[in-house]
Amino acid sequence: MNSKLPRWAAALYGVVAAAIALGVAQLIGAVTSVQASPVIAVGGAFVDRTPPWLKEFAIRTFGQNDKLALIVGIVAVVAVIAAAMGLLSRYRLGYGLAGFAAFGVVGAIAAMTRPDAGQFDILPSLVGAAAGAWGLSLLFRDTSVPGYDADGRVLASVRTKEQGEGVAEPERPPIMRAGQELGYVDRRMVLARAGIGIGVAGVGALIGGVIGSRRDVEAARTGVARTLPRPAVAAKPIPAGADLRIKGLSPFVTPARDFYRVDTALAIPAVSPDDWILKIHGMVDRPIQLTFADLLKRPLIEADVTLTCVSNDVGGPYIGNARWLGARLADVLREAGLQKDADMLLSVSQDGFTCGTPVDIVMDGRDALLAVAMNGEVLPAAHGFPVRQVVPGLYGYVSATKWVTEIKVTRFDRDEAYWTPRGWSAQGPIKTESRIDVPKGADSVPAGRTTIAGVAWAQHKGVEAVEVRVDIEPWRQARLADVPGPDTWRQWSIEWDLPRGDHEIQVRATDVTGYTQTPEVAPPAPDGASGYHTISVHVT
Ligand SMILES: Nc1nc2c(c(=O)[nH]1)N[C@H]1C(S)=C(S)[C@@H](COP(=O)(O)O)O[C@H]1N2
Ligand SMILES: [Mo]
């Protein structure tokens, strides 16, 4: 019996317990891959049984938001019923628990009778209802603070006389009011309990929502995979000699699952290709908006491009090479009509991240793409599904916007991209660099003939030569693997007779412009690391 609980608190507990039920149901729905939460299932069942006049009324009144209005309506009805259940629970907790059982059954029946029902579809409703009932009973645990009356005064029964008299004697009889048990309901405690309950509900709904949207993205990727057009301009086949197939050497094509990732977003944005729009505006003659279908109708170009992150240390792992498929960014921009004094494309991601890319670089004929596929597969969610930019020759932070939804044509002296005020250069051409992959630094290697191998890159210029040296010996030319073009990294290898002892191995690349890497060491900030990659090996 908890009739001393104020009505407002009881009603609040009822609503909080219902929120727990829905939050947990959402979570269970997400982890069991059930398509609909109970609210959606009930909504669907409701829509199927709505008379036509009501449907028309809803569409007339709420227009495009009719589905949302329905969901809000269901949640409101649930909240009112839950508040009533809370009030009834003041008299007997069983009433509230029975209410949750009824909720569970209604949700389960609605879920079971959906046309696309699967065998687990009743789980969210049943587990959610159980969680709500459990939450209700916890919330309704006695909240009175012993020794206080309903107005918060200390009860005489616990006030003892001065010590030494032995027996505690009441000073005056406890105050008892009709219909009210002893005890004072602490408002703060009620709100704290409600807060914890809402927290539990929120966490369940949030995790469920994230898992659910992940699942939706994977479903959308599968859908896109079915309609992905063939390239209008196919990439040259990758030369057989591009991959030296040396154990420990980075493969020429980096599989998507091994491709490095850099995102400022906490969770991978879930962007539906059906809702995706690319807005091109700013210093253009004709602002345009492209849907995903519009983009796929354009001739798609295939290109092998190596992405590199500006934060990559010399010898670091933030580089990967893939075959991209996408629409030519320059053609889209030409349709919008670039104004003469524009020099920057400020691309914006769905998550708010921005890149500032020089207009002349994108327009100079290189394969700057609005990419929809990577290595023959629909772009993975983590790499920008449904659309990302790829621009050969520029570090990712100034070019490779994932989940791109907007391109503002502007000027470097008017706009700043995400990383610029954070200490990184506004301009980010990739520095010519090279890396030793084998042997691994700190490896122990047996004396004698040893293969030293790695990758070198100078995107959009091309790698001309790679040299290696051990200790202070003169530089020796490494053997270069083939490449399909100047936009990818290039594998290299060399055999070296290593004598016993500790040795330092260094590498340097020369690009097609004739520039050779210098020993000058620069940290990644503000515009990319430089210096020779150097490893120490112990030869035994
Ligand atoms: N939306 C968004 N796009 C982004 C980033 C980001 O944080 N958010 N990081 C950029 C950086 S710094 C790099 S190096 C590349 C990395 O692309 P990847 O994660 O597909 O390897 O994406 C670029 N595009
Ligand atoms: Mo980056």
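Indexing begins at 1, ligand by ligand and atom by atom, following the structure's order.
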task = Specify side chain, backbone, both or neither for V404, according to which of its non-hydrogen atoms lie closer than 4.0 Å to ligand 1.
result = neither

remark   = Of all protein heavy atoms, the one nearest atom 21 (O) of ligand 1 is Y260 O, 2.7 Å

ask   = Which residue supplies the protein heavy atom nearest to atom 24 (N) of ligand 1, what is that atom called, and how far is it?
value = A400 O, 3.0 Å

query = With the threshold set at 4.0 Å, does a side-chain nitrogen-carboxylate oxygen contact exist between E218 and R221?
reply = yes

inquiry  = Using heavy-atom distances only, which candidate in G396, S349, A322 approaches atom 10 (C) of ligand 1 most closely?
reply    = G396

task = Please identify each residue that fulfils salt bridge (charged side-chain N to carboxylate O under 4.0 Å, His left out) with E473, with sequence neighbours left out.
result = R476

task = Quick one: look up the protein heavy atom nearest atom 7 (O) of ligand 1 and list residue, atom name and how far away it is.
result = T264 N, 2.8 Å

query = Under 4.0 Å between a Lys/Arg side-chain N and an Asp/Glu carboxylate O for K402 and D263?
reply = yes

query = In terms of residue, atom name and distance, what is the protein heavy atom nearest to atom 22 (O) of ligand 1?
reply = R388 NH2, 3.5 Å

query = Would you call K408 and D415 a salt bridge, using N to O less than 4.0 angstrom?
reply = yes

inquiry  = Among all protein heavy atoms in this structure, tell me which lies nearest to atom 3 (N) of ligand 1, with the distance rounded to 0.1 Å.
reply    = K402 N, 3.0 Å

task = Please indicate whether any nitrogen or oxygen in Y397 is less than 3.5 Å from any nitrogen or oxygen in ligand 1.
result = no

query = Looking at E467 and R508, does any basic side-chain N land under 4.0 Å from a carboxylate oxygen?
reply = yes

message = Tell me the protein heavy atom at minimum distance from atom 4 (C) of ligand 1, and give that distance in Å.
response = F353 CE2, 3.4 Å

query = Which residue holds the protein heavy atom closest to atom 9 (N) of ligand 1, what is that atom called, and what is the gap in Å?
reply = V262 O, 3.1 Å

ask   = Can you tell which part of Y418 has a heavy atom less than 4.0 Å from ligand 1: side chain, backbone, both or neither?
value = neither

request  = Could you label the plane-to-plane angle of the Y318 and Y260 rings as parallel, tilted or perpendicular, counting under 30° as parallel and over 60° as perpendicular?
outcome  = perpendicular

ask   = Less than 4.0 Å between a side-chain N and a carboxylate O, is that true for K431 and D527?
value = yes

